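The block underneath contains the structure these notes are about, expressed in structure tokens.
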There are 2 protein chains.
Amino acid sequence: MMHGKGHGPHAHCCDMRGMLSFLILFLLSKKPMHGQELAKELEKRKGDKPSPGTIYPALKALKEAGLIREKKSGKTITYSLTEEGERVLRFSKRQFCRIFMGVFPNRE
Amino acid sequence: MMHGKGHGPHAHCCDMRGMLSFLILFLLSKKPMHGQELAKELEKRKGDKPSPGTIYPALKALKEAGLIREKKSGKTITYSLTEEGERVLRFSKRQFCRIFMGVFPNRE
DNA sequence: TGTTATATATTGGACAACCGATATATTTAA
DNA sequence: TTAAATATATCGGTTGTCCAATATATAACA
């Protein structure tokens with residue numbers, strides 16, 4: 001919990017430290033995915049594929065924060081947002097847009 | 001040096017670890033500022049003011065990387081981008097837009 | 001069956017981003 | 001001149017992001 005002020009452990013987002021978690025939350029909101037799908041999507045965007053040591057701890061933290069849920073099926077685990085995850089993502093997107101206003105070349 | 005692949009020390013940007021440096025670079029490109037002005041601009045965007053322990057080490061690292069230059073005048077130091085800083089910012093902005101494509105509600 | 005490939009997971013080490021506290025220099029006010 | 005305010009700077013500690021290496025479980029193949 002805690003996104004308003006600087007205190008509290010972890011940041012699901014928007015502290016500058018929570019950007020990977022934020023991006024993962026955003027990607028999963030568009031389509032539930034398992035870890036490797038997520039890694040490939042991140043590779044498309046960033047240019048190189050995050051290692052397992054990056055992606056799985058991030059997913060674990062999001063799950064422990066109650067923002068995503070798992071659905072296991074054979075060797076894959078599909079992740080999707082919880083209600084709380086949706087709520088946090090909405091908040092984080094507004095925050096993100098305020099912080100990086102002007103960086104995207106579109107309007108303003 | 002080094003922005004393409006994962007190696008090398010520090011990231012001026014876009015690794016997820018370099019987001020503050022990236023934002024600082026962007027803000028200074030719009031208007032040269034001293035540290036406190038920068039802190040106030042960040043406060044406007046993020047909602048709370050970064051502490052000196054956040055902002056000054058970041059400026060120091062950018063300076064040591066040759067991306068910004070200082071101009072001292074009395075008790076204030078005005079920071080502005082070097083040629084290399086401009087170049088890196090252009091690269092980083094493209095990278096940023098690719099990574100966060102779709103997050104801004106405008107056109108993606 | 002055993003081999004190989006895929007998905008998930010952890011560990012150790014490095015660096016970036018953060019705060020609160022503290023310290024120093026300069027400017028302004030008393 | 002002394003005191004207070006402002007700007008810059010550093011220190012210690014915590015968390016998040018990152019990789020390479022390693023480990024385990026399941027699936028697909030030989």
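Naming: A, B, ... by sequence-line order, numbering from 1 per chain. Note that this is a predicted model, so its numbers are computed, not measured.
The backbone N or O of B:His34 sits less than 3.5 Å from a side-chain atom of B:Glu37, completing a donor-acceptor pair. Using modelled atom types, no side-chain atom of A:Thr78 and backbone atom of A:Met33 make a donor-acceptor pair closer than 3.5 Å.
Of the residues near DNA chain D, B:Lys40 and A:Ala58, the one whose nearest nucleotide (by heavy atom distance) lies more toward the 5' end is B:Lys40. The nearest heavy atom of DNA chain D to B:Glu37 and to A:Ser73 marks one nucleotide each, and the one closer to the 5' end goes with B:Glu37.
The side chain of A:Pro50 approaches D:dC19 more closely than any other nucleotide in the set C:dA9, D:dA9, D:dC19. For A:Leu20, taking side-chain heavy atoms from C-beta onward, the closest of the listed nucleotides C:dC18, D:dT17, C:dA9 is D:dT17. Side-chain atoms of A:Thr54 lie closest to D:dC19 of the nucleotides C:dT8, D:dC19, C:dT27. Candidate nucleotides D:dC18, D:dA7, C:dA7 were compared by shortest atom distance to the side chain of B:Arg17, and D:dC18 ranks first. Of the candidates C:dA9, D:dT10, D:dT17, the closest approach to any side-chain atom of B:Pro52 belongs to D:dT10. Side-chain proximity of A:Tyr79 to D:dA9, C:dA9, C:dA17: nearest is C:dA9. With distances taken from any side-chain atom of B:Ser51 to the nucleotides C:dA9, C:dG20, D:dT17, the minimum falls on C:dG20. Which of D:dA7, D:dT8, D:dC18 sits closest to the side chain of B:Lys75 comes down to D:dA7.
Look at CD on B:Glu43: it is 16 Å from C1' on C:dC18, rounded to the nearest Å. Atom P of nucleotide C:dA25 and atom CD1 of B:Ile77 are separated by 13 Å, given to the nearest angstrom. We find that CG of B:Leu38 is positioned 10 Å from P of D:dT8, with the value rounded to whole Å. For B:Leu23 and C:dA16, the CG to C1' distance is 14 Å, given to the nearest whole Å. Here C:dA16 presents its C1' atom at 15 Å from CG of B:Leu42, a figure rounded to the nearest Å. Atoms OH (A:Tyr56) and P (C:dG12) sit 20 Å apart, rounded to a whole Å. Regarding A:Lys49, its NZ atom lies at a distance of 10 Å from the C1' atom of C:dA7, rounded to whole Å. A:Met19 has its CE atom 12 Å from the P atom of C:dA17, to the nearest Å.
Contact detail for B:Ala58 and B:Leu20: the closest heavy-atom pair is CB-CD2, 4.0 Å.
Relative ring orientation between A:Phe96 and B:Phe104 is described as perpendicular, the plane-to-plane angle rising above 60° on a 0-90° scale split at 30° and 60°.
Using a 4.0 Å cut-off, no side-chain N or O of B:Lys60 falls inside it from OP1 or OP2 of D:dT8.
A:Lys72 comes within contact range of no nucleotide atom at all, as no heavy-atom separation falls under 4.0 Å. At a threshold of 4.0 angstrom between heavy atoms, the contacts of A:Thr76 are confined to the sugar-phosphate backbone, with no base atom among them. Contacts of B:Gly35 with the nucleic acid, taken as non-hydrogen atoms under 4.0 Å apart, involve only primed sugar atoms and P, OP1 or OP2. Among the protein residues, A:Gly53 comes within range of the nucleic acid bases, having at least one heavy atom under 4.0 Å from a base atom. If you check every strand for non-hydrogen atoms under 4.0 Å, B:Pro57 touches a base.
With a 6.0 Å radius and a threshold of 12 heavy atoms from other residues, nucleotides or ligands, A:Lys63 has its NZ atom at or below the threshold.
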Fill in: Intermediate values then yes/no, salt bridge (charged side-chain N to carboxylate O under 4.0 Å, His left out), B:Glu41 and B:Lys44
CA-CA 5 Å; B:Glu41 181 62 33; B:Lys44 257 192 272 181; 3.4 Å; yes
